[in-house]
Amino acid sequence: MDLDSAIELLKNAVKYSHLENQKHIDLSLVDAQERHRYEKALMYCRAKVAQGELSEEELHNRLGLI
């Protein structure tokens with residue numbers, strides 16, 4: 001898995017929250033059989049942020065959370 005494919009996968013789990021104009025990742029939107037892939041993609045993205053390869057803001061931007 002690379003960063004681009006992880007982000008594209010996670011975009012499928014982005015939804016608006018009950019707060020106006022705020023989005024978040026909701027893994028309850030994905031099939032239980034696929035959840036492990038999404039969790040792995042999320043951990044991969046978080047590791048890249050921790051390693052300094054991209055900022056938190058850039059990750060949120062690419063996921064469509066901003």
Side-chain angles (χ1 to χ4, degrees):
M1 176 177 301
D2 64 6
L3 184 59
D4 291 332
S5 62
I7 288 172
E8 286 303 312
L9 181 66
L10 289 172
K11 283 181 180 180
N12 296 319
V14 172
K15 75 169 202 171
Y16 277 99
S17 71
H18 65 283
L19 302 173
E20 188 176 328
N21 294 324
Q22 290 191 15
K23 296 179 185 176
H24 66 279
I25 295 174
D26 185 353
L27 295 181
S28 70
L29 296 175
V30 301
D31 289 332
Q33 297 164 338
E34 293 292 313
R35 188 174 180 125
H36 180 70
R37 284 183 56 221
Y38 283 80
E39 289 171 344
K40 186 176 177 181
L42 185 55
M43 288 187 293
Y44 183 84
C45 290
R46 298 299 310 147
K48 293 298 182 183
V49 170
Q51 294 167 1
E53 293 189 30
L54 77 158
S55 69
E56 188 80 31
E57 183 177 355
E58 183 182 358
L59 176 61
H60 286 187
N61 209 11
R62 291 184 64 187
L63 286 169
L65 296 173
I66 296 177

Could you list the donor-acceptor pairs under 3.5 angstrom formed by side chains in residues 57-66, with sequence neighbours left out?
from: His60; atom 1: NE2; to: Glu56; atom 2: OE2; distance (Å): 3.0
from: Arg62; atom 1: NH2; to: Asp4; atom 2: OD1; distance (Å): 2.3

What's the spacing between Leu29 CG and Glu34 CD if we round to 0.5 Å? 13.5 Å
So, taking the atom named CG in Asn12 and the one named CD1 in Ile25, what distance separates them when rounded to the nearest 0.5 Å? 11.0 Å
Over all heavy atoms of both residues, which pair between Leu27 and Tyr38 is shortest? Give the atoms and the distance, please. CD2-CB, 3.7 Å
Would you say the side-chain atoms of Asp31 pair up with the backbone N or O of Gln33, donor to acceptor, closer than 3.5 Å? no
Tyr16 reachable from Val30 in the ILVMFWY side-chain graph, under 4.5 Å edges: no
Does Lys11 NZ have over 12 foreign heavy atoms under 6.0 Å away? yes
Nearest non-hydrogen partners of Ser55 and Val49, listed with the distance: O-CG2, 4.2 Å
Do Met43 and Met1 belong to the same hydrophobic cluster, where Ile, Leu, Val, Met, Phe, Trp and Tyr are linked whenever their side-chain heavy atoms lie under 4.5 Å apart, directly or via other members? no
Counting distance only, does the side-chain N/O of Ser17 pair as donor-acceptor with the main-chain N or O of His24 below 3.5 Å? no
Indicate yes or no: at least one non-hydrogen side-chain atom of Lys15 is less than 4.5 angstrom from one of Lys23. no
In Å and rounded to the nearest 0.5 Å, what is the CG to CG distance from Leu42 to Leu10? 5.5 Å
